[in-house]
Amino acid sequence: MTLIDRLQIQVDTNLTIDRRLPPVNVKGGLFNWAALKNPVYAIYCTSGVTAFLGLYTVLTYISISAVQAGVSNDFAFYFTAFANAASAVGRLSCGYIADRVGALNVMIPFTFLVAVITFVWPFVTSKGGLIAIALTYGFAYGTYICLLSVPVMAMGSTGDVGRRVGVFLGFAAIGALAGTPISGAINSATGGFKDVGWWDSDVLGVFDGVGALSSTWQVGSQVLKDCKEQQLCLLDDMPVAAEIAWPGSWL
């Protein structure tokens, strides 16, 4: 149903909205693979794959694990609703924080929280504990989902933002498609969710490491660029400063 709804929204949008600017044939076509030459962007695309490998596991399997823990079927399906409700709060509040401290500075700690919750979740067997897991997980993963495209804005020119976001989401879709089946296969092979929690918390931890590397590289590159520009400005101003300090010394 979600796929049908999204398809309907896309059709209605394309039929009812006029384009603001005339179409332009950009170099590279629909996919701008040249953007991957930017190491920060390439690293961030890799982090999208690893994040989605483990991001949706709790949301997908928490109801099943609740039934296995002794929660009734009539109540177990509400855990997904709890997580989605908390996700709405996370999505709405994280933008305010990200505007002040930066998107990656918000995404990395909250994704680490998702990793911790994913690891702890299989060991929780009480109804109250699983409710707490669902609410905390929902808030944390909603933060990542809301902000995941924001860092891409700063990784290239403004005119190419759409293609960069599209390529990034294409990579992230690989993780999203493969993540829950891998977790299900691990559950079937081991007969429980403990090894699933190990696996998914590990891949989410990889995202945190890769995301931190991407953030550090981006900041470092900007600092070096600013230092070089400042140094050039100082060199340009040296004759003027010397002329003021020692009149007649520069001819």
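Model, not experiment: these values are computed from the prediction.
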Please list, chain by chain and in numerical order, all residues satisfying side-chain hydrogen bond (donor to acceptor under 3.5 Å, both in side chains) with Tyr137, sequence neighbours excluded. none
Test of understanding: clusters of I, L, V, M, F, W, Y form through side-chain heavy atoms closer than 4.5 Å, transitively. Do Val89 and Tyr78 belong to the same one? yes
Compare all side-chain heavy atoms of Trp198 with those of Pro122 and state whether any distance is below 4.5 angstrom. no
Got a sec: does the CZ of Phe82 have more than 12 other heavy atoms crowding it under 6.0 Å? yes
Nearest heavy atoms of Pro151 and Leu104, plus distance in Å: CG-CG, 3.9 Å
Pairing residues for Asp99 by the side-chain hydrogen bond (donor to acceptor under 3.5 Å, both in side chains) criterion, not counting sequence neighbours: none
Set of side-chain hydrogen bond (donor to acceptor under 3.5 Å, both in side chains) partners for Ser87, sequence neighbours left out: Arg91
CD1/Ile174 to CG/Leu169 distance, rounded to the nearest 0.5 angstrom? 11.5 Å
Pairs flagged by side chain to side chain donor-acceptor pair (under 3.5 Å) wherever residues 170-184 is involved - sequence neighbours left out: Thr57-Ser183, Ser183-Asp200
Is any side-chain heavy atom of Phe75 less than 4.5 Å from a side-chain heavy atom of Ile131? yes
Do the side chains of Leu59 and Thr80 get nearer than 4.5 Å, heavy atoms only? yes
Stepwise, does the side-chain contact (heavy atoms from CB on, under 4.5 Å) test hold for Ile145 with Tyr56? CA-CA 11 Å; Ile145 293 298; Tyr56 285 130; 3.4 Å; yes
Rounded to the nearest 0.5 Å, what separates atom CZ in Arg164 from atom OG in Ser157? 5.5 Å
Residue list, ring pair (Phe, Tyr, Trp, His ring centres under 6.0 Å) with Phe77, at least two apart or on another chain: none
Residues two or more places apart in sequence or in another chain: which of them pass side-chain hydrogen bond (donor to acceptor under 3.5 Å, both in side chains) with Ser65? Trp121
Would the distance check show the side chain of Asn38 and the main-chain N or O of Met155 forming a donor-acceptor pair, the cut-off being under 3.5 Å? yes
Taking all non-hydrogen atoms of both residues, which atom of Val196 and which atom of Asn187 are closest, and how far apart? CG2-N, 3.7 Å
Could you measure the distance from the CZ atom of Phe193 to the CD1 atom of Ile62? Nearest 0.5 Å is fine. 10.0 Å
Check whether NZ of the Lys or CZ of the Arg Arg100 lies under 6.0 Å from the centre of the six-membered ring of Tyr96 and within 45 degrees of that ring's axis. yes
Interatomic spacing from CZ in Phe171 to OG in Ser47 - rounded to 0.5 Å: 11.5 Å
So, for Ala140 and Val114, which heavy atoms are closest and what is the spacing to 0.1 Å? CB-CG2, 3.4 Å
For Ile64 and Phe79: C-alpha separation, side-chain torsions, deciding distance, then whether side-chain contact (heavy atoms from CB on, under 4.5 Å) applies. CA-CA 10 Å; Ile64 299 173; Phe79 286 108; over 6 Å; no
Taking the ring centre of each residue, are Tyr144 and Phe52 less than 6.0 Å apart? yes
Path from Leu92 to Val101 over hydrophobic side-chain contacts below 4.5 Å: no
Heavy-atom pair with the smallest gap, counting every atom of Val124 and Gly129: CG1-C, 3.5 Å
How long is the span from the CG atom in Leu147 to the CD1 atom in Ile108, to the nearest 0.5 Å? 11.5 Å
If two hydrophobic side chains count as joined below 4.5 Å and joins carry through other members, does Val67 share a cluster with Leu130? no
Any donor and acceptor pair, going by atom type alone, linking the side chain of Thr143 with main-chain N or O of Met107 inside 3.5 Å? no
I'd like to check Tyr141 versus Asn84 (side-chain heavy atoms, cut-off strictly below 4.5 Å). Are they in contact? yes
Which distance, rounded to the nearest 0.5 Å, do you find between the CD1 of Ile117 and the CZ of Phe110? 10.0 Å
Cluster question for you: counting only ILVMFWY and a side-chain heavy-atom cut-off of under 4.5 Å, with indirect links fine, are Leu148 and Met153 together? yes
